[in-house]
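Contents: one structure, followed by commentary.
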Amino acid sequence: MICENISISKDGILEFAGVEVTQLAEKYGTPLYLLDEERIRNNCRIYKEVFKKYFGEDSYPLFASKALSFKGIYRIMEEEGMGIDVVSIGEMYTALKAGYDLSKAYFHSNNKTDDDIAYAMDNKIGCFVADNVEEIKVIEREAEKRGIIQKVMLRITPGIDPHTYKEVATGKVDSKFGSAIETNQAHEITHYTIKQPHCDLIGFHCHVGSQVFGENIFERAAFRMIDFIAELKRELNFDCKVLDLGGGFGVKYTEDDPDMNLDEKIADVAEACQKACKRYNVKMPAIHMEPGRSLVADAGMTLYTVGTVKQIPGFKNYVSVDGGMADNPRYAFYRSAYTCYIANKMFEEADMKADLVGRCCESGDIIQPDIMVPSSVGRYDIAAVCTTGAYNYSMASNYNKLGIPPIVMLNRGKDKLAVRRESLEDLISRDI
Ligand SMILES: *Cc1c(COP(=O)(O)O)cnc(C)c1O
């Protein structure tokens, strides 16, 4: 199976985290997001362990919480001793309400409003990752007002093409994010920030893209960033304490994706950092990375109930389910690949090609085209889409006035509701 937490019971039913998913569909209804809590905790522990092993005590991973944001996930991150990054007041508020200590949080985004900045400071955010000079000006003003020295990092564009899909490539010179080394704007913003009396510049950040595999992207980014850090040391005698290499490690959505060995991958990045520090003669900074997808994607699965099955002889077949682009817009956005099953027919041969589509009034409402399903597929069957833990719930919308599905956490064979289903009353609760 695509991930170790997926199996098939002796009755031919798909199991997730050891539980037959048809029982969960029955108990909670569909569409339904499932999360394997043990898998998330385990992914956190692996990251923490390999960081300690290869980068040392001061280095740690931060969970990029835009990948999956609800109270329960911040509780897990608090319990696992993970840092987080946040991108909005909404994420900060959710984390705070879950009891997460924001002093371990880093605030990203390419356009922080004045309100964002004030809210973050009022709630003792650990560090701002400033994107541009306008933000530095407001951070300086707000820090001065409060009589504090605010930790900041700067987002730098190292000029690296991660060869992933263009919607998630963020490290090239023409990106909307950060300041480019190539155009000297990275130097200019550093010079400016260092002069601000209420900003404590601790280091630099870059994030080159998402769903990245191979090609030494992180190693190349590390070299470019450490070269930049060395220039600043020579120019300004500036000591960089922290280098954040961003997120982006790919996950296995289908059998065509490579396996990701985190231990080897981080070991390679660490080696590149050490080599670069030696070559450019700078002290090794603490290293941060911000995995989002690779911490939670394979801990997720979405269940749907099949409704209409439409065969158009000589053309194509459609299997329609009771969710779609409202709970999973990733195929519509990025043409993302997924592995899908008919969960109650795992022993039947998948001999019919069909598009798994949603119920929204858009032809583009496709969860996955050209999947193989048993030709007996029909109404009331349960369809499962694997690896939906990242950027599914967090990107869900109410398009077509569909309620957002609930999240059920699975742990050691037990199931527990973590986010309840959005009700009809919820759907109009803000309408006046
Ligand atoms: C989205 C994002 C991440 C997480 O990326 P993943 O591909 O989910 O690991 C990390 N850092 C920043 C700044 C991001 O924008």
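Start at 1 and go down the list; that is how both ligands and their atoms are numbered. Computed from a prediction, not measured in an experiment: that's the story for all the values here. No hydrogens, no waters, no symmetry mates; every other heavy atom, side chains included, goes into these values.
Using a 4.0 Å cut-off between heavy atoms, Phe177 makes no contact with ligand 1 at all. Using a 4.0 Å cut-off between heavy atoms, Arg293 contacts ligand 1 through both its backbone and its side chain.
Aromatic rings of His205 and His108 (six-membered ring for Trp) have centroids within the 6.0 Å cut-off, being under it.
Here is the list of ligand 1 atoms found below 4.0 Å of a heavy atom in Gly247: 9 (O), 10 (C), 11 (N). Each of the following atoms of ligand 1 lies closer than 4.0 Å to a heavy atom of His108: 13 (C). For ligand 1, the atoms closer than 4.0 angstrom to any heavy atom of Gly292 are 4 (C), 6 (P), 8 (O), 9 (O). Residue Ala64 approaches ligand 1 through these ligand atoms, each under 4.0 Å from one of its heavy atoms: 3 (C), 4 (C), 10 (C). The atoms of ligand 1 that sit less than 4.0 Å from any heavy atom of Arg155 are 13 (C). The ligand atoms of ligand 1 that sit less than 4.0 angstrom from a heavy atom of His205 are 13 (C). Interface atoms of ligand 1 facing Glu290, defined by a heavy-atom separation under 4.0 Å, are 3 (C), 4 (C), 9 (O), 10 (C), 11 (N), 12 (C), 13 (C). Counting the atoms of ligand 1 from 1 in the order shown, those under 4.0 Å from a heavy atom of Tyr391 are 1 (C), 4 (C), 5 (O), 6 (P), 8 (O).
Within the 3.5 Å criterion, the main-chain N or O of Met301 finds a donor-acceptor partner in the side chain of Thr388. A side-chain donor-acceptor contact under 3.5 Å links Arg421 to the backbone of Pro31.
The pair Arg146-Glu142 counts as a salt bridge, with a side-chain nitrogen and a carboxylate oxygen less than 4.0 angstrom apart. Of the charged side-chain nitrogens involved, at least one lies within less than 4.0 Å of a carboxylate oxygen, so that Lys104 and Glu78 count as a salt-bridged pair.
Counted by atom type alone, Asp426 and Ser429 present zero donor-acceptor pairs between their side chains at under 3.5 Å.
Heavy atoms of Ala390 stay at 4.0 angstrom or farther from ligand 1. Proximity of Pro291 to ligand 1 is established by a heavy-atom distance of less than 4.0 Å.
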Inset, instruction - Check step by step if side chain to side chain contact (heavy atoms under 4.5 Å, CB included) holds for Glu422 and Asn398. - result: CA-CA 10 Å; Glu422 211 171 12; Asn398 290 124; 2.8 Å; yes
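Evaluation of the salt bridge (charged side-chain N to carboxylate O under 4.0 Å, His left out) rule for Glu57 yields no partner, not counting sequence neighbours.
For ligand 1, one of its N or O atoms has an N or O atom of Gly248 under 3.5 Å away.
Rounded to the nearest 0.5 Å, atoms SG (Cys206) and CE (Met153) are 9.5 Å apart.
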